[in-house]
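Structure record follows, encoded as structure tokens.
Scope of the values below: all heavy atoms of this structure, side chains included, with no hydrogens, waters or symmetry mates. Lettering follows sequence order; numbering is per chain, from 1.
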Protein chains: 2
Amino acid sequence: MPLTHEEIVDAAVDVLRRHGLADLTMRRLARELGVQPGALYWHVPNKQTLLVRVTERVLADVPIRRSGHPAADIRRLAKGIRAAVLPIPDGSDVVALSYALDAEASPVFVQLRTLTGELADSATTAAAAQALVIHHVLGSISDEQNRRLADLPTHGAAAAFDRGLDLALTALTATSLPRSVHG
Amino acid sequence: MPLTHEEIVDAAVDVLRRHGLADLTMRRLARELGVQPGALYWHVPNKQTLLVRVTERVLADVPIRRSGHPAADIRRLAKGIRAAVLPIPDGSDVVALSYALDAEASPVFVQLRTLTGELADSATTAAAAQALVIHHVLGSISDEQNRRLADLPTHGAAAAFDRGLDLALTALTATSLPRSVHG
DNA sequence: ACCTGAACACCGTTCAAGT
DNA sequence: ACCTGAACACCGTTCAAGT
């Protein structure tokens with residue numbers, strides 16, 4: 001049976017999960033799948049696009065629920081992203097790259113945009129808040145993964161993550177009265 | 001005259017500034033300097049370390065002044081980093097990598113840590129605020145550079161950057177009364 | 001339609017040997 | 001002390017040719 005697009009993304013996620021981004025090469029992937037490197041290029045245009053597909057897959061399990069309380073939903077979403085990406089070596093780099101290439105690459109990104117929009121008093125504030133949260137989430141994960149790589153302690157990481165999230169959300173709900181349960 | 005450490009870093013910054021990270025290879029650098037690739041390894045242990053030196057050089061021109069008003073100083077510092085890194089292709093990636101490898105790689109990082117410490121009501125808040133600001137700064141620059149690469153508009157970038165900075169600082173000065181002019 | 005084989009133009013790093 | 005030459009073990013991508 002012929003190689004499928006799905007199989008390639010599966011194998012890519014697997015290599016990333018087990019060995020990190022440095023080992024996630026097109027050649028390595030081909031070896032893992034028992035084909036020649038060139039075969040991959042019949043199914044995938046290039047490595048960058050493949051990494052975006054990997055991001056979609058990794059973020060696909062993050063639950064997107066709505067409670068009517070945007071701040072609480074943002075908090076849950078941010079924690080969900082962290083939980084999904086943290087166990088994957090270099091996961092934050094891959095997700096950041098995909099977010100940069102395509103800000104609609106995952107429903108998770110879109111949902112975050114919607115939620116900050118409901119909480120902010122203006123469109124510019126909403127955009128700034130969305131960016132602040134995304135940068136906090138991906139930056140925190142990146143720092144934590146790098147600390148792990150360098151064998152530095154990460155005991156307070158989860159609490160620090162929450163504290164940073166609080167700071168960002170405090171500012172949002174302070175500058176504007178929450179319009180909360182309106183959607 | 002023999003090759004010097006300085007010359008190598010200079011050439012590296014130059015290649016980065018003109019061609020970006022993808023073209024900043026040890027072999028390309030050697031070619032540019034008229035030596036064999038192996039020659040570089042007598043002066044520099046590896047590429048990662050060289051990139052940290054590049055970051056030091058890039059951030060060296062960011063002015064570190066103190067006014068007695070930490071929030072204003074943080075704002076100025078953040079804008080200084082943005083001004084220094086934005087004109088350099090992939091500059092945010094290189095700086096983020098260096099920050100991850102060594103959070104004391106530049107006096108700029110250290111100064112930011114000090115300033116958030118003065119504004120926060122606790123050590124954990126200080127650490128969270130430092131991280132939030134750094135992630136905002138590097139994340140914003142990265143987004144802006146990527147948008148430029150993809151020929152997307154970046155007209156509101158400076159304002160969005162300031163707005164995000166305000167959000168982070170508003171939260172800091174709201175949760176705690178500024179102890180401000182105490183250092 | 002799907003893949004192989006082979007090439008093109010590269011990488012970072014090491015190290016004996018030269019001067 | 002400082003560098004060359006040459007190697008080792010790789011990269012991403014393309015594409016004629018095969019089935």
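- In plain terms, the two heavy atoms of A/Gln130 and A/Leu112 that are nearest each other are O-CD2, 4.1 Å.
- Residues A/Asp73 and A/Arg76 are paired through a salt bridge, judged by an N-O separation under 4.0 Å between the basic side chain and the carboxylate.
- The nucleotide whose nearest atom lies closest to any side-chain atom of B/Arg31 is, among D/dG5, C/dC3, C/dC11, C/dC11.
- Spacing between D/dC10 and C/dA9 at atom P, rounded to whole Å, works out to 23 Å.
- A donor-acceptor pair shorter than 3.5 Å cannot be found between the side chains of B/Asp166 and B/Thr170.
- The CD atom of A/Glu118 lies 12.0 Å from the CG atom of A/Leu172; values are rounded to the nearest 0.5 Å.
- Dashed line: the shortest gap from a side-chain N or O of A/Gln36 to OP1 or OP2 of C/dG5 is under 4.0 Å.
- Atoms CG (B/Leu51) and C1' (C/dG12) sit 12 Å apart, rounded to a whole Å.
- When Watson-Crick and G-U wobble pairs are counted only if both distances are under 3.5 Å, C/dC15 pairs with D/dG5.
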So which protein nitrogen or oxygen atoms get under 3.5 Å of nucleotides 13-15 of chain C's nitrogens or oxygens?
unit_1	atom_1	unit_2	atom_2	d
C/dT13	OP2	B/Tyr41	OH	2.5
C/dT13	OP2	B/Lys47	N	3.1
C/dT13	O5'	B/Tyr41	OH	3.3
C/dT13	O4	B/Arg27	NH2	3.3

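- At C/dA1, none of the side-chain N or O atoms of A/His43 fall inside 4.0 Å of OP1 or OP2 (strictly under the cut-off).
- Put simply, CG on A/Leu40 is 14 Å from C1' on D/dC11, counting in whole angstrom units.
- Salt bridge absent: A/Arg147 and A/Asp143 never bring a charged side-chain N and a carboxylate O closer than 4.0 Å.
- With a cut-off of 3.5 Å on both pairing distances, C/dC10 has no Watson-Crick or G-U wobble partner at all.
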Just the table, please: protein N/O against nucleotides 16-19 of chain D N/O, every pair under 3.5 Å.
none

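- Remark: A/Glu144 engages A/Arg82, A/Arg148 in a side chain to side chain donor-acceptor pair (under 3.5 Å) (not counting sequence neighbours).
- Between A/Asp10 and A/Arg57 a salt bridge is recorded (basic side-chain N to carboxylate O distance below 4.0 Å).
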